[in-house]
Amino acid sequence: MAFVFLFTMNRVFIKTYGCQMNERDSEQVASSLRGRGYSVVDNEFDADVVLLNTCSVRDQAEQKAIGKAGYLAKRKRTDPNFMIGVMGCMAQNRGDELVDRLPDLDLIVGTQKFHRVPDHLDNLIQTMSGEGPKPSTIVDLGEETDSQNTIKDHLPKKNQVSAFVSIMQGCNMNCAFCIVPKTRGRERARPMEQIVEEAHALAEQGVKEITLLGQIVTSYGRREFPVVGGKSPFVQLIEKINDVDGIERIRFTSPHPRGFKQDLVEAYRDVPKLCEYVHLPLQAGCDKTLRAMNRPYTKERYREIVESLRSIVPDMYISTDIIVGFPGETESDFNESAAFFEDIGFDMSYIFKYSIRTGTPAETMLDQISKEEKERRNQVLLDILHTRSLWRNEQLVGTVQEVLVEGPAKRGDKFVGKTRGYRNSIFDGDERLIGKLVEMKVERATVSTIYGDLVLAGVDTI
Ligand code: 5AD
């Protein structure tokens, strides 16, 4: 009986909100659930269990997940065996309060406990199949030594070209706006050999591109591993991944300007597989605001990093995160920030309207900025970004770019891939090209995409 019950309760759908780290954590949960005999399905209607892997960076992200959980809870009225879990940052941030607000939740799992999800589901299913009362919500939010080492398994996917590899967890910075130190805990690095082993395994499965993930990758292993030959542990790690046969491209996200030293700049010259693209969060282009945000660098230091990168790699692609409407940001502070943003010339940027986060240093700051003003500032930066990204993509028209082919494009019968500079590229392709590096002559550009034709001499498969 218990077996039959288990057998009919084993379809899980995981919905992920937020950053790449969350996507990676969800993949780990999916992989461990498969290992336990569950099937991971790709929509909520086919699922007996829905797990929401949540984000707390802005209020909007939390409200979305709370709304979704409330909506799913309705299904329990007609299907009492249906189960709902909340995992990740919002679970950690709101904890027990979530049970009060959403009493129908079966499972609440924090950011250091993803590996416990299969055990918890097994237990819930077993208890539900018994005669006793409905099990109460399982809440598992504690700290776990070495939890960083639990994010290591991947789901084998057909034709997978690119993979995320988590190299560390947590953040020791104290940015005034940010909830992450609370939700993700202190910095903990994974051992270098384990990461390199993971890269080898991915390469054997056909993966060609690896993106190293961490809250602040430039802090990777700085307490655990020594500097060798002037190179930080993070740069040593990049060099080791460069030696993995089969891996063609390396990316990472996100570095911090404070830890962005010359060894990392030079890696862009010396490490052939490291792509000429960096996502380097700026947050504000005004020293007064940076200080208020508790970001330990000046805009001139940021400029220096960008200039040293461009002096080594003239066509470096740079993207960023920037916040508008941080408390106390005056009109003239914003104008200074916007001028700097324009001056640097970003190829892509996430622009955030400041969102007040309970428990962060900025929560109690005076001079909160109105919603309308944040909206206005957001639009100013979007316009600057639009002009710049379009111009930059247009510069590529007529050139030949190396593209890593990912697969069919979402719409139409074209194929999609990326340049080393992370430009989305669309062209007429073929299934056999997936995972191959091809040459594309760029014919046309929009703000987000370049379009072109393959130069067949550069193709080694047909
Ligand atoms: N409000 C708005 N944006 C935020 N970010 C982090 N905290 C907040 C907040 N309270 C942005 C930062 C960070 C990105 C992931 O989210 O720009 O780099």
Side-chain angles (χ1 to χ4, degrees), residues 17-20 22 54-68 89-90 93-94 171 173-184 215 253-254 256-257 279-299 302-303 318-390 447-448:
Y17 299 84
C19 64
Q20 293 100 326
N22 285 8
T54 56
C55 169
S56 288
V57 151
R58 284 165 299 143
D59 187 52
Q60 200 187 18
E62 288 202 341
Q63 295 311 327
K64 251 198 217 160
I66 289 174
K68 185 74 183 178
C89 286
M90 184 176 72
N93 188 32
R94 294 191 170 228
C171 177
M173 304 302 291
N174 193 25
C175 301
F177 49 78
C178 191
I179 196 75
V180 167
K182 178 175 170 199
T183 60
R184 290 274 178 181
Q215 297 298 338
T253 195
S254 291
H256 191 292
H279 180 75
L280 183 59
L282 170 64
Q283 311 300 5
C286 156
D287 289 348
K288 187 193 127 202
T289 311
L290 284 170
R291 253 195 321 277
M293 288 176 161
N294 204 16
R295 298 280 295 179
Y297 53 90
T298 59
K299 64 179 193 183
Y302 190 97
R303 191 198 300 279
I318 302 176
S319 65
T320 201
D321 291 346
I322 187 164
I323 298 175
V324 297
F326 185 74
E329 186 187 57
T330 63
E331 182 69 31
S332 93
D333 297 338
F334 170 70
N335 289 341
E336 187 184 330
S337 220
F340 187 75
F341 183 80
E342 184 161 23
D343 210 26
I344 291 289
F346 290 105
D347 301 299
M348 204 285 289
S349 175
Y350 296 104
I351 302 165
F352 298 95
K353 288 171 266 183
Y354 173 70
S355 165
I356 195 163
R357 310 281 53 223
T358 309
T360 59
E363 181 195 0
T364 51
M365 286 182 184
L366 302 173
D367 301 324
Q368 297 285 335
I369 309 300
S370 73
K371 195 164 168 279
E372 296 70 35
E373 181 57 17
K374 282 191 256 193
E375 189 51 60
R376 188 192 71 79
R377 295 179 187 181
N378 185 51
Q379 198 53 51
V380 171
L381 294 192
L382 279 174
D383 290 346
I384 295 173
L385 178 65
H386 186 276
T387 309
R388 161 75 195 192
S389 346
L390 181 58
V447 69
S448 60

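Under 4.0 Å is where a charged nitrogen must lie from a carboxylate oxygen, and between Lys374 and Glu329 no such pair does. Using a 4.0 Å cut-off between a side-chain N of Lys or Arg and a carboxylate O of Asp or Glu, Lys288 and Glu336 do not qualify as a salt bridge. The pair Glu373-Arg377 meets the salt-bridge criterion, since a charged nitrogen lies less than 4.0 angstrom from a carboxylate oxygen.
In summary, the side chains of Thr330 and Asp333 do present a donor paired with an acceptor at a separation below 3.5 Å, with no hydrogens or angles considered.
A side-chain donor-acceptor contact under 3.5 Å links Thr387 to the backbone of Asp383. Not a single donor-acceptor pair under 3.5 Å links the side chain of Asp59 to the backbone N or O of Arg357. With hydrogens and angles disregarded, no donor-acceptor distance shorter than 3.5 Å links the side chain of Asp347 to the backbone of Ser319. No donor-acceptor pair under 3.5 Å is formed between the side chain of Ser349 and the backbone N or O of Asp321.
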**OP:** Under the salt bridge (charged side-chain N to carboxylate O under 4.0 Å, His left out) rule, what do Glu342 and Arg388 come out as? Steps first, then yes or no, please.
**Re:** CA-CA 8 Å; Glu342 184 161 23; Arg388 161 75 195 192; over 6 Å; no

Original post:
Does the pair Lys299 and Ile344 meet the rule for a side-chain contact (heavy atoms from CB on, under 4.5 Å), with working shown?
Top reply: CA-CA 10 Å; Lys299 64 179 193 183; Ile344 291 289; over 6 Å; no

**OP:** Would you check, one step at a time, whether the test side-chain contact (heavy atoms from CB on, under 4.5 Å) holds for Phe334 with Val324?
**Re:** CA-CA 8 Å; Phe334 170 70; Val324 297; 3.9 Å; yes

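Atom OH of Tyr297 and atom OH of Tyr302 lie 7.5 Å apart (nearest 0.5 Å). To the nearest 0.5 Å, atoms CD (Gln60) and NZ (Lys64) are separated by 6.0 Å. For the atom pair SG of Cys55 and CG of Asn93, the computed distance is 10.0 Å after rounding to the nearest 0.5 Å. Taking CD1 of Ile351 as the start and NZ of Lys353 as the end, the distance is 10.5 Å to the nearest 0.5 Å. The CD1 atom of Ile323 sits 8.0 Å away from the SG atom of Cys178 when rounded to the nearest 0.5 Å. The distance from the CZ atom of Phe352 to the CZ atom of Phe326 is 15.0 Å, given to the nearest 0.5 Å.
Between Lys182 and Thr358, the shortest heavy-atom contact is NZ-O, 4.3 Å. The heavy-atom pair separating Met173 from Pro296 by the smallest distance is CE-CG, 3.7 Å.
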